[in-house]
Amino acid sequence: MDNVDLDVLRRLAQWRREGHEVVLGTVTRTWGSAPRPIGAMVAVRGDGSIAGSVSGGCIEDDLSDKARTGAWPTGVPSVVRYGVSAEEATRFGLPCGGTLELVLEPVADHSGVEELLAELTQGHRVLRRLDLATGRAVLEAARDRADTLSLTDSELVATHGPSWRLLIIGAGQMSQYLAQMALALDYEVIVCDPREEYTQGWEVPGARLVTTMPDDTVTEMRPDRHTAIVALTHDPKLDDLALLEALKSQAFYVGAIGSRANQAKRRERLVEFDLTPDEVARLHGPVGLRIGARTPPEIAVAILAHMTAERYGFHKLEFEALGAGA
């Protein structure tokens, strides 16, 4: 789930508190190109108001019309498909011949949406099981970080919550921008800094601050392929401690701030420890894409852009690493 869909749930909960009837739509399958991924959500209010999106707008318009005319699901969830024929695909803004499948769910107290929202607000990952025969939902803790969405004749099972993690070493100004932007991209953000002079002024709602030593923090996190680690202190005693553990882990992205000259010295230091040349080669340093960034928020954009490229397998971008800082 990304933050767009979290906003949909927040709007849905507000509408229910105001006494409106609401239907929640979830994308469960697509054929061909699709504007929104599987798991994307849209909420439709009884008067036709829309929150979120599942297409370029035409499907939302159709759902809004159905709400205003009363031709929408009542009682229990239903499965609908849009764009089965080329004519319908064109009408609903889908690629010719494409198809999009939705579960449309009339929201009630037993849907558990408010409970789900409360769990997500605390950064938890939740598995939601929706009984299609009754509309009743059961929530349980997600046991792994893999995203799950499956639809059978009787049940919709979906994982909600952040599946990607970002560990930032250092609680300085640049870390604040990076943490805020990463939260908007639905990362679970942990900031590590044992220095009291930096942690006293730290305040980024939604990001968890820890004051343990960086190497201990990385070890405790057990980084997997959904984890990124970025060192931003400019202090080799702290950054290198984190990198020694991070580069041996499964983290999909490991980066450190500093000039090219300082990065060369860092690599020499890392080789002197027990890291192999292949492990040292995994380091993105200077960190981020070379986009001409100068200010802390611009550098944060460059870092997240590079992380996004790595997430989606765009390893051969025509960008050089950003020389951010000395």
Side-chain angles (χ1 to χ4, degrees), residues 1-3 123 125 144-147 161-172 174-193 202 204 206-210 212-234 238-258 263 266-267 270 275 278-291 293 296-317 319-322 324-325:
M1 167 179 284
D2 58 32
N3 269 19
R125 280 179 58 75
D144 57 44
R145 306 199 73 80
D147 289 331
S163 58
W164 298 88
R165 295 184 294 174
L166 170 61
L167 172 62
I168 303 172
I169 308 300
M174 190 181 302
S175 298
Q176 292 185 19
Y177 288 107
L178 182 59
Q180 291 168 347
M181 294 180 190
L183 288 167
L185 295 179
D186 203 37
Y187 280 87
E188 176 189 352
V189 178
I190 303 97
V191 178
C192 168
D193 200 326
W202 176 264
V204 175
R208 180 161 59 94
L209 177 67
V210 298
T212 48
M213 293 301 293
D215 53 341
D216 294 332
T217 304
V218 175
T219 301
E220 183 179 351
M221 276 189 68
R222 298 181 181 178
D224 56 17
R225 291 182 177 86
H226 287 72
T227 306
I229 300 170
V230 178
L232 297 179
T233 71
H234 278 296
L238 297 177
D239 287 347
D240 288 4
L241 279 176
L243 296 175
L244 284 170
E245 299 301 325
L247 292 169
K248 292 185 290 186
S249 75
Q250 297 184 37
F252 80 91
Y253 188 92
V254 180
I257 199 170
Q263 297 292 347
R266 169 177 283 128
R267 287 182 170 87
L270 294 174
L275 295 182
D278 286 344
E279 289 170 338
V280 174
R282 295 185 58 221
L283 175 64
H284 295 292
V287 68
L289 296 181
R290 187 177 182 85
I291 58 174
E298 290 172 347
I299 295 171
V301 167
I303 294 171
L304 282 170
H306 201 185
M307 287 168 50
T308 302
E310 290 291 318
R311 273 179 58 172
Y312 294 116
F314 286 83
H315 304 296
K316 297 181 180 179
L317 293 175
F319 295 97
E320 297 176 9
L322 167 69

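- With sequence neighbours excluded, the residues that form a salt bridge (charged side-chain N to carboxylate O under 4.0 Å, His left out) with Glu245 are Lys248.
- For Phe252, the ring-ring contact (aromatic ring centres under 6.0 Å, His included) test picks out Trp164, with sequence neighbours left out.
- When all heavy atoms of Leu304 and Ala182 are compared, the closest pair comes out as CD1-N, 3.7 Å.
- Between the CZ atom in Arg311 and the CG atom in Leu185 there is a gap of 7.5 Å [rounded to 0.5 Å].
- Gln263 places no side-chain N or O within donor-acceptor distance of the main-chain N or O of His284, the cut-off being under 3.5 Å.
- Listed by chain and residue number, Gln250 satisfy the side chain to side chain contact (heavy atoms under 4.5 Å, CB included) test with Arg225 (two or more places apart in sequence, or in another chain).
- No donor-acceptor pair closer than 3.5 Å links the side chain of Arg208 to the backbone N or O of Ile190.
- Formation of a donor-acceptor pair under 3.5 Å by the Glu310 side chain with backbone atoms of Ala228 is not found in this model.
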Exercise for the section: Check step by step if side-chain contact (heavy atoms from CB on, under 4.5 Å) holds for Ile299 and Met174. Expected result: CA-CA 8 Å; Ile299 295 171; Met174 190 181 302; 3.6 Å; yes
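- To the nearest 0.5 Å, atom CG of residue Leu166 and atom CG of residue Leu183 are 8.5 Å apart.
- When side chains are defined from C-beta on, Val287 counts as touching Val230, because their heavy atoms get closer than 4.5 Å.
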Exercise for the section: Walk me through it: do His234 and Ile257 pass the test side-chain contact (heavy atoms from CB on, under 4.5 Å)? Expected result: CA-CA 7 Å; His234 278 296; Ile257 199 170; 3.9 Å; yes
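- Every residue two or more places apart in sequence or in another chain that forms a side chain to side chain contact (heavy atoms under 4.5 Å, CB included) with Asp224 is listed here: Arg145, Arg165, His226, Thr227.
- Note that the CG atom of Asp216 and the SG atom of Cys192 stand 8.5 Å from one another [nearest 0.5 Å].
- The distance from atom CZ of Arg282 to atom CG of Leu270, rounded to the nearest 0.5 Å, is 12.5 Å.
- The backbone N or O of Asp239 sits nowhere less than 3.5 Å from a side-chain atom of Arg266 that would complete a donor-acceptor pair.
- Between Leu167 and Val218 the shortest side-chain heavy-atom distance falls below 4.5 Å.
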Exercise for the section: Carefully, step by step, assess Leu178 and Ile303 under the rule side-chain contact (heavy atoms from CB on, under 4.5 Å). Expected result: CA-CA 8 Å; Leu178 182 59; Ile303 294 171; 4.0 Å; yes
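- For the side chain to side chain donor-acceptor pair (under 3.5 Å) test, residues two or more places apart in sequence or in another chain that qualify with Thr212 are Thr217.
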Exercise for the section: Walk me through it: do Leu247 and Leu283 pass the test side-chain contact (heavy atoms from CB on, under 4.5 Å)? Expected result: CA-CA 7 Å; Leu247 292 169; Leu283 175 64; 4.1 Å; yes
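- Residues Ala256 and Leu243 approach most closely at CB-CD1, 3.9 Å, considering heavy atoms.
- Summarising the geometry, atom CE belonging to Met221 is positioned 9.0 Å from atom OG belonging to Ser249; distances are rounded to the nearest 0.5 Å.
- Listed by chain and number, the residues in a salt bridge (charged side-chain N to carboxylate O under 4.0 Å, His left out) with Asp215 amount to none (sequence neighbours excluded).
- In this view, Ser175 and Ile168, Trp202, Leu232 satisfy the side chain to side chain contact (heavy atoms under 4.5 Å, CB included) rule, not counting sequence neighbours.
- No side-chain donor-acceptor contact under 3.5 Å links Arg267 to the backbone of Ala281.
- Residues forming a side chain to side chain contact (heavy atoms under 4.5 Å, CB included) with Val301 (at least two apart in sequence, or on another chain): Met181, Ile291.
- The two residues Tyr253 and Gly288 have their closest heavy-atom pair at OH-N, 3.4 Å.
- Scanning both residues, Gly170 and Asp193, for their nearest heavy atoms gives CA-OD2, 3.3 Å.
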